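Data block below; observations after.
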2 protein chains.
Amino acid sequence: MNEAVFKESLSELDTSSLVDKVEAKLVELLQQRKLHVGDAIPKEIELASLLGVSRTVIREALLRLRVMGLIESKKKKGAVITSPDVFGILSKSMNPHILNQDTLREMFEIRLVLEIGMADFIFQRITPEDVVKLKEIVSQEPPATEQHLFNIEHEILFHGKLYEITGNATLKKFQGMLLPIFDYVHNSGLLKKQLQPKRYVSHKGLVDIIENGSPEMFRNAMRNHLENHFARLFD
Amino acid sequence: MNEAVFKESLSELDTSSLVDKVEAKLVELLQQRKLHVGDAIPKEIELASLLGVSRTVIREALLRLRVMGLIESKKKKGAVITSPDVFGILSKSMNPHILNQDTLREMFEIRLVLEIGMADFIFQRITPEDVVKLKEIVSQEPPATEQHLFNIEHEILFHGKLYEITGNATLKKFQGMLLPIFDYVHNSGLLKKQLQPKRYVSHKGLVDIIENGSPEMFRNAMRNHLENHFARLFD
DNA sequence: TATGTTTATTATGTCATACATAAAAACGAA
DNA sequence: TTCGTTTTTATGTATGACATAATAAACATA
C-alpha cells in the first residue's frame with residue numbers, strides 16, 4: 001500500500017490543516033523580509049499552482065492575513081503587503097456588547113494603568129504648543145452639574161490630548177480602542193455606584209503640574225484625579 | 001427595464017461585498033445577545049440558505065469571525081460562540097519581524113508605562129502567597145555578569161509575576177504579547193546602546209516596597225528600576 | 001499631439017457541486 | 001453495561017464556472 005504509507009508519513013508533518021501551512025509559509029516570507037510593504041504578492045492562481053494546493057486554500061490563507069492586517073487585496077492589482085495597524089485590527093472585536101464582563105472591567109483598569117504610567121513620556125515630549133492647547137481645553141471645560149459629574153466629550157478631549165503628547169501613536173490608537181469600552185463600563189451597572197462622587201485633582205491641576213512639576217508629581221496627581229474610578233473598583 | 005432598476009436600487013445599499021454584509025449580520029446577532037458564549041450557531045449550509053448566499057460566502061464570513069476570535073469551529077460540532085481573547089488574537093500579527101520600527105519602539109514604551117502604572121492594582125490585590133513567591137523568585141536571581149546585565153528568563157519570571165498579581169488577566173495576556181517585542185527591541189540595534197548600564201532599584205528593593213511601602217513609592221521605584229530602558233529611549 | 005471614450009483584459013469575488021476527513025452518535029456483540 | 005465498529009454529519013478541500021470591478025489598450029475626436 002504505497003499510498004497509505006505516503007499518506008501516513010505526510011500526516012506526521014501535517015498535524016495542521018493545509019490552510020495553516022500555507023498561512024505559515026506566507027507569514028514566513030513576510031518575516032524573512034523577502035517581501036516589503038507595498039510589494040505585491042503572486043496572484044491566487046499562481047500561488048495555488050506554486051504551492052500545489054487549490055485556490056480555495058490559498059484564498060482562505062490570504063483572507064486570514066487580510067483580517068490580521070498583513071495584506072490588502074485590491075480588485076485587479078492583487079494583494080499587497082501592508083504594515084499592520086496593530087490595534088486597528090482589534091477595534092472590530094473590541095465591542096462592549098461582545099466582550100464578557102470580566103474583560104470589560106479589565107480593559108477599564110488598563111486605561112487607568114496607562115494614564116498613570118505615561119507620565120515620563122508626557123514630560124519628555126511635551127511642546128510649548130501642547131501646553132497652550134491643554135490650557136485651551138481646560139478653559140473650555142463645561143461646569144459640572146448635579147446629574148453629570150463630568151462631560152464625557154470634554155474628558156475624552158483632555159485625556160486624549162495627553163495620550164497624543166506622549167508621542168506614542170500606538171498608545172494613542174490603543175486609547176481610541178478603549179474609549180467605547182470605558183464609556184460602556186462607566187455607564188452600565190457593571191461597577192458599583194460611587195457613594196459620594198467627588199472631584200479630586202482637576203484637569204487644571206494636572207496641567208499646572210505638567211508645567212511646573214515632575215513625572216512623580218504627575219503620577220500621584222493623576223492617581224488622585226482618577227480616584228473616583230478606583231473607588232468604584234476597589235471599595 | 002425592471003431588471004436594471006432593481007439592480008441599481010440594490011447596489012445603493014450594497015457598497016460592501018456580500019461577505020461584508022453577512023459578517024455584519026452575524027456580528028450584529030452577537031451584539032444583540034441573541035447568542036451567548038457556548039451557543040452553537042447554525043451550520044454553514046443552513047446559514048447559506050437562510051441568508052440566501054452561497055456556502056463560500058458564509059465560510060468566508062465565519063472565517064473572519066474565527067480570526068477575530070469571536071467563534072471557534074469544531075469538525076462536527078459546528079461553530080460556537082467564544083468570548084474573544086482580545087489580545088490573543090493580536091499575538092499572531094504581533095511579530096517583531098513584521099512590525100515596523102516605530103511601532104516596535106512604541107510597544108517597548110507601552111511596557112514601561114504599564115509596569116509603572118499598575119502599582120495600585122498590585123497593592124490592592126496582592127496576597128501573602130504572592131509575597132512568598134516573589135521573594136522566592138528574587139532569591140533565585142542569577143548574579144549579573146559583565147556580558148549580561150541581567151538574565152532574560154529571570155526578568156520575565158519576576159515581572160510576569162507582578163502582572164499576575166494585578167489580578168488582571170487581560171493585562172497579563174498583553175504582557176505575554178509584548179514579551180517577544182521587548183526582547184527583540186532590547187537586543188536589536190533599534191535603540192541606542194546604553195553607555196554605562198547600571199542597576200538602580202533592584203527586584204529585591206521592589207519587593208521590600210511592596211511589603212512595607214505604598215503605591216506611590218512603588219511607582220517611583222519601578223521608574224528607577226527601569227531607568228536603563230528609559231535612558232536608551234530618551235538620551 | 002493631446003484628450004476623452006470605448007473595449008478588452010485580468011485578478012478577485014461569488015456560486016455550485018463533489019468528495020475527503022474527523023468527530024460524534026448510533027449500533028451491535030461480548 | 002462496556003467496548004469496538006459502523007453510520008452519520010458538518011467542516012475541510014478541490015474543481016470549474018461565471019460575475020464584477022479595475023486597469024490597460026485601443027480607438028476616436030478635437
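All values derive from a computational prediction rather than experimental measurement. Naming convention: chains lettered A, B, ... in sequence-line order (proteins, then strands); numbering from 1 in each chain. The analysis underlying the following values was restricted to heavy atoms, covering all of them including side chains, and did not include hydrogens, waters or symmetry mates.
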Check: Counting side-chain heavy atoms from C-beta on, which of D:dT15, C:dC15, C:dG13 comes nearest to A:Arg59?
Finding: C:dG13
Note to self: So if I take every side-chain heavy atom of B:Thr56 and compare against C:dA16, D:dT11, D:dT13, which nucleotide ends up nearest?
What the structure shows: C:dA16
Whole angstrom value for the distance that separates [atom2] of [N] from [atom1] of [X]:
| X | N | atom1 | atom2 | value |
| --- | --- | --- | --- | --- |
| B:Leu62 | D:dT13 | CG | P | 15 Å |
| A:Leu63 | D:dG12 | CG | C1' | 15 Å |
| B:Glu44 | C:dT17 | CD | P | 16 Å |
| A:Leu65 | C:dT12 | CG | P | 14 Å |
| B:Leu51 | C:dT14 | CG | P | 14 Å |
| B:Asp20 | C:dT12 | CG | P | 17 Å |
| A:Glu72 | C:dT12 | CD | P | 14 Å |
| A:Ile58 | D:dG12 | CD1 | P | 17 Å |

Do NZ/NE/NH1/NH2 and the carboxylate oxygens of [X] and [Y] come within less than 4.0 Å?
| X | Y | value |
| --- | --- | --- |
| B:Lys161 | B:Glu136 | no |
| A:Glu106 | B:Lys173 | no |
| B:Glu129 | B:Lys133 | no |

Notebook entry, point to check: Does B:Ser54 make a side-chain donor-acceptor contact with the base of C:dA16, cut-off 3.5 Å?
Noted result: no
Check: Would you say the side chain of B:Arg55 and the base of D:dG12 hold a donor-acceptor pair, judged only by whether the two atoms sit under 3.5 Å apart?
Finding: yes
Item checked: Aromatic ring pairing A:His203/A:Phe158, orientation class (parallel under 30°, perpendicular over 60°, tilted between) -> parallel
